[in-house]
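Starting from 1, each residue takes its place in the sequence as its number.
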Amino acid sequence: MRLLPTDRPPQTLRRLAWSAVAGLLVGLVLARGVVTLVLALVPAEQPYLRALVGTLGALLSVILGFSLAGALSTRGLPLARLGLDRTRARARAALAAGSTAGLLVLPAAGLLAVAGASHEGALGARVGLVHLALGLGGLGAAYGVISGGVLGLLTIRAAKVWRPALGGLLGFGGTGLLAGAALGAARLPDLLSGGAGALLMVLAAFLVTAQVAGDWLIARGIDAAADSPADRASDRQLKLTLASLGLATLGVWGLSQDAVKFVQTRPAGAQPLAVPARPGPGCPEPSDPLERAAWQVTTGGGRPDYSCGNTFVGFLHVPAPDPAFSDQPVTPAAGYDGLAAQIGSARREVLLAVMEWDDTPEPGGVLARAVAGLYAQVQAQPWRYPDGVTVRIALGNFPLPGALEWGTQVYGAARALITAGVPFSDPARGWRVEVANYAGTFPHSHAKLLVTDGEALTVMGFNVGPLHLSSRRGGGDLRDLAVQVRGPVAADGLNVFDDLWARSRQLTCPPRTRPDDVAACTLGELATPDHPQGTDRTPLREAGPERVFSLYRRAGFQAADAAVAGMIGATQDTIDLMHVSFSMRFRCNLALLNPALCRPEDALPWMRALVDAAARGVTIRALLYEHGVLGLENRIGVAELRQLLQARGVADQLEVRWFPGPLHAKTMLLDGRLLVVGSQNLHYSSWEPRGLNEYSLATTAPAAARGYAREFALFWGQARRAELPEWLTRALP
């Protein structure tokens with residue numbers, strides 16, 4: 001008797017298909033139940049813990065579902081030829097399928113990392129055919145090799161296990177390649193238009209097809225290997241296989257322990273931001289309602305008022321600005337050249353904080369060479385720098401969940417500086433360069449700012465990475481913006497940097513460290529936020545007549561949240577948003593499993609403020625990013641906002657369009673005169689009590705409002721209307 005009956009192949013294929021469908025349905029039902037239970041039991045103020053527990057629960061549900069599919073598949077794969085009764089055959093097939101699904105946490109996490117890179121724009125404006133084909137093909141091949149190998153070890157002798165392992169690789173891997181190519185050609189985000197049911201059907205078709213093809217070829221391999229009783233797995237082999245699976249399971253458990261530690265690591269001390277000792281320049285209370293809304297928050301708790309006496313210097317664009325909205329000259333590295341110019345103009349101190357510093361030659365090299373150029377000036381003209389110069393670079397400890405890795409980008413920054421020839425210390429000239437990495441993982445620091453000499457302040461939405469460079473320079477054309485100002489508000493920027501620096505671990509490198517040896521550098525204790533050149537004590541100097549408000553937030557200090565919601569609440573005419581993220585609370589990402597899980601109370605404060613503004617007659621225009629994580633977060637946010645507006649009878653006050661290309665901006669213009677630019681997304685990670693560190697500036701400088709309005713108008717005219725899938729708008733309450 002053959003393992004796969006040749007006289008009745010249709011019946012065998014049907015049985016394999018039904019076993020795969022049953023396992024899939026059980027896994028989905030269990031996953032939905034686990035997710036719902038986690039949302040009910042884990043406190044809402046712990047969104048990342050919810051994510052971890054929910055993910056682990058969903059993984060266990062998948063393991064059980066695959067185990068069931070494996071057990072049922074024995075009806076189509078009679079193993080009597082190997083001397084196994086039905087009970088033992090089911091147990092071994094279930095063990096093989098379930099353990100393989102559990103061990104796939106690593107390649108699955110890698111695929112999620114690819115999805116995350118796509119969300120940030122690393123793979124362009126959409127997930128393409130090649131990315132999906134390779135991702136699903138690789139994941140399928142990994143599953144097939146493990147599944148075929150394990151089932152082979154449980155049934156035939158080890159010397160012939162390569163046959164079912166190869167069959168699994170070809171069956172599952174080939175199906176993955178074909179499915180990835182098909183989904184890439186169909187443009188994956190557009191599948192949302194078919195509804196949640198359509199997406200689940202696509203997933204089911206892929207899994208069932210892969211299971212049938214893979215099991216068929218695995219069985220062929222076992223059948224070809226089992227020519228005599230001597231080819232059956234021995235008791236010793238079975239015991240060794242089970243022991244190996246146990247050890248592998250312990251490894252996965254250890255990985256889960258690392259994940260828990262990864263999630264729970266937070267910087268010590270969530271006390272409010274320190275109140276600066278320097279008094280403000282004596283600003284009068286603003287009369288403008290928008291300014292007053294920001295002023296009431298930023299001066300709360302006895303904080304000095306630094307908002308007056310400032311001047312708007314200009315914007316920095318990445319990639320290069322379009323002549324249609326800016327007369328700035330186009331330079332090779334666009335906004336990074338502007339940051340480099342500010343660094344080069346410093347006379348006493350350079351303070352740069354950024355979440356990411358990508359370990360690639362550019363654009364980090366642009367900033368590193370600017371520091372090197374500054375040092376060359378200190379060497380050549382020391383009389384211009386009588387107090388010496390301190391340069392500090394604070395990285396945000398950007399986590400890479402797919403690899404459970406964080407803190408590595410600080411070494412990339414050090415490598416860039418060393419490559420550019422920057423010395424970390426020159427006591428004779430009062431020169432020192434220090435690099436540090438934020439101590440927290442969740443939340444990490446998402447803030448991005450540059451303060452020079454305590455007088456010039458630039459606040460960015462972009463990181464130091466090639467995605468923001470022009471595609472002509474090998475970049476990703478990821479659009480973003482920074483705002484440059486001078487005046488007393490820079491004193492609060494310095495205070496914000498000090499807060500980040502005090503929560504960062506300083507990097508120490510051995511003398512004469514070479515670029516390839518930065519791994520020898522070590523992170524030590526928390527850094528000390530001092531200012532050897534006295535920039536924290538220098539009398540404030542007014543630079544112009546304009547108001548600029550400093551908006552910072554982190555765990556324990558959420559002034560930016562209150563200020564943004566308050567400014568939206570004071571708007572009377574128009575709101576123009578250009579944002580990469582536009583989301584509800586975390587639970588709403590689960591709308592694919594159950595749209596009813598996203599409820600009106602999951603609207604974040606900024607969204608509730610938008611609803612109230614629309615009810616006052618304010619017109620809202622939103623330019624949003626369409627792609628990333630299947631576009632679910634932004635689509636769900638837009639759908640819920642429309643539902644809330646509809647309930648108030650003001651749905652026509654909102655118009656949403658998809659930005660025409662990759663977008664990373666976090667900006668809004670209120671009533672055509674108050675502009676907000678910075679790092680704070682309209683996303684739960686930036687608004688939860690334990691959310692990310694964020695920093696933005698708000699200004700009523702007329703030139704800033706006019707310049708942004710021209711840019712918004714250009715992209716608005718190029719954008720297309722945001723259409724939402726019917727299932728989403730119908731299912732949300």
| task | Show your working on side-chain contact (heavy atoms from CB on, under 4.5 Å) between Cys521 and Thr513 and close with a plain yes or no. | result | CA-CA 8 Å; Cys521 303; Thr513 299; 4.3 Å; yes
| request: Any chance you could lay out the salt bridge (Lys or Arg N to Asp or Glu O under 4.0 Å) test for Asp561 and Arg553, step after step, and finish with the verdict? | output: CA-CA 7 Å; Asp561 301 11; Arg553 67 99 61 209; 2.8 Å; yes
| request: I would like to know whether Arg432 and Asp530 meet salt bridge (Lys or Arg N to Asp or Glu O under 4.0 Å); could you show each step before the answer? | output: CA-CA 13 Å; Arg432 65 174 179 173; Asp530 58 355; 3.6 Å; yes
| request: Please test Arg303 against Leu273 for side-chain contact (heavy atoms from CB on, under 4.5 Å), starting from the C-alpha separation and ending with a verdict. | output: CA-CA 10 Å; Arg303 305 186 66 81; Leu273 179 67; 3.3 Å; yes
| request: Apply side-chain contact (heavy atoms from CB on, under 4.5 Å) to the pair Glu434 and Arg392, showing each step before the final yes or no. | output: CA-CA 5 Å; Glu434 298 172 346; Arg392 285 177 173 159; 2.7 Å; yes
| said: Is there a side chain to side chain donor-acceptor pair (under 3.5 Å) between Asp576 and Tyr708? Walk through the geometry before answering. | reply: CA-CA 10 Å; Asp576 290 337; Tyr708 179 83; over 6 Å; no
| request: Start with the C-alpha distance between Glu688 and Arg585, add both sets of side-chain angles, then the distance that settles salt bridge (Lys or Arg N to Asp or Glu O under 4.0 Å), and finish with yes or no. | output: CA-CA 8 Å; Glu688 297 287 359; Arg585 284 198 162 88; 3.6 Å; yes
| task | Go through the steps for Val580 and Asn681 under the test side-chain contact (heavy atoms from CB on, under 4.5 Å), then give the verdict. | result | CA-CA 7 Å; Val580 59; Asn681 287 298; 3.1 Å; yes
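The ring-ring contact (aromatic ring centres under 6.0 Å, His included) search around Trp501 returns Phe497, not counting sequence neighbours. Residues that satisfy the ring-ring contact (aromatic ring centres under 6.0 Å, His included) test with Phe312, not counting sequence neighbours, are Phe315. For His317, there are no side-chain hydrogen bond (donor to acceptor under 3.5 Å, both in side chains) partners two or more places apart in sequence or in a different chain.
In terms of modelled atom types and a separation under 3.5 Å, the side chain of Arg710 and the main chain of Ser326 share no donor-acceptor contact. Not one N or O on the side chain of Ser696 forms a donor-acceptor pair closer than 3.5 Å with the backbone of Leu551. Put simply, the side chain of His579 never gets that close to the backbone of Leu624: no donor and acceptor are under 3.5 Å apart. Glu633 places no side-chain N or O within 3.5 Å of a backbone atom of Ser581 that could act as its donor or acceptor partner. Using modelled atom types, one side-chain atom of Gln409 and one backbone atom of Trp357 make a donor-acceptor pair closer than 3.5 Å. Here the side chain of Arg292 pairs a donor or acceptor atom with the backbone of Pro286 at under 3.5 angstrom. The main-chain N or O of Ser679 is found under 3.5 Å from a side-chain atom of His446 such that the two form a donor-acceptor pair. Side chain of Thr419 to main chain of Arg415: a donor-acceptor pair is present (N/O by atom type, distance under 3.5 Å, no hydrogens or angles).
Contact check for Tyr385 versus Arg429: no side-chain heavy atoms found under the 4.5 Å cut-off. Counting heavy atoms from C-beta on, the side chains of Asn693 and Tyr438 come closer than 4.5 Å. Between Val435 and Tyr411, the closest side-chain pair of non-hydrogen atoms is not below 4.5 Å. For the pair Met460/Val318, no side-chain contact is recorded, criterion being any heavy-atom separation below 4.5 Å from C-beta on. Residues Asn437 and Leu507 have side chains not in contact (no heavy-atom distance under 4.5 Å, counting atoms from C-beta outward). Using a 4.5 Å cut-off on side-chain heavy atoms (C-beta onward), His468 and Pro319 make no contact. Here the side chains of Pro276 and Tyr306 are in contact, with some heavy-atom distance below 4.5 Å. Here the side chains of Leu457 and Val451 are in contact, with some heavy-atom distance below 4.5 Å.
Going from atom CH2 of Trp606 over to atom CH2 of Trp687 covers 8.5 Å, rounded to the nearest 0.5 Å. From Arg505, atom CZ reaches atom CD of Glu525 across 6.0 Å, with rounding to the nearest 0.5 Å. Here the straight-line distance linking atom CG of Leu610 with atom CG of Leu604 works out to 11.0 Å at 0.5 Å rounding. We find the CG-CG distance between Leu351 and Asp498 to be 7.0 Å, quoted to the nearest 0.5 Å. In this structure, CE in Met567 is found 11.0 Å from CD in Glu291, a value given to the nearest 0.5 Å. Between the CD atom in Gln379 and the CG atom in Leu374 there is a gap of 10.5 Å [rounded to 0.5 Å].
For Thr699 against Ala704, the heavy-atom pair with the smallest separation is CG2-CB, 4.0 Å. In terms of heavy atoms, Gly302 sits closest to Val275 at O-CG1, 3.9 Å. Between Cys283 and Ser307, the shortest heavy-atom contact is SG-N, 4.1 Å. Across every non-hydrogen atom of Gly566 and Ala293, the tightest pair is O-CB, 3.5 Å.
Taking a cutoff of 4.0 Å between a charged side-chain nitrogen and a carboxylate oxygen, Glu356 and Lys448 do not qualify as a salt bridge. Ion pair Arg347/Asp453 not flagged as a salt bridge, since none of the NZ, NE, NH1 or NH2 atoms sits closer than 4.0 Å to an Asp/Glu carboxylate oxygen. Salt bridge annotation for Arg547-Asp305: present, with a cationic side-chain nitrogen under 4.0 angstrom from a carboxylate oxygen.
Sorted by first and then second residue, the salt bridge (charged side-chain N to carboxylate O under 4.0 Å, His left out) pairs involving residues 670-687 (not counting sequence neighbours) are Asp288-Arg673, Asp671-Arg673.
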Expected list for residues 480-494: side-chain donor-acceptor pairs under 3.5 angstrom, two or more places apart:
from	atom 1	to	atom 2	distance (Å)
Asp480	OD2	Phe462	N	3.2
Asp480	OD2	His664	ND1	2.7
Gln484	NE2	Gln342	OE1	3.2
Gln484	NE2	Thr458	OG1	3.2
Arg486	NH2	Glu455	OE1	3.4
Asp492	OD2	Ser550	OG	2.7

Anything under 3.5 Å between a donor and an acceptor, one on a side chain of residues 332-339, the other on a protein residue two or more places apart or in another chain? List them.
from	atom 1	to	atom 2	distance (Å)
Tyr336	OH	Asn463	O	2.4
Tyr336	OH	Gly465	O	3.4
Asp337	OD2	Thr331	OG1	2.7
Asp337	OD2	Ala333	N	2.8
Asp337	OD2	Ala334	N	3.4

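Remark: the Thr390 side chain and the Gln533 side chain contain an N/O donor-acceptor pair separated by less than 3.5 Å. Side-chain contact, Asn495 with Tyr552: no donor N or O sits under 3.5 Å from an acceptor N or O. Judged by distance alone, the side chains of Arg348 and Thr538 do bring a donor and an acceptor atom under 3.5 Å apart.
In this structure, Arg616 places its CZ atom where more than 12 heavy-atom neighbours from other residues, nucleotides or ligands lie under 6.0 Å away. The environment of Gln381 atom CD is dense: over 12 non-hydrogen atoms of other residues, nucleotides or ligands sit within 6.0 angstrom.
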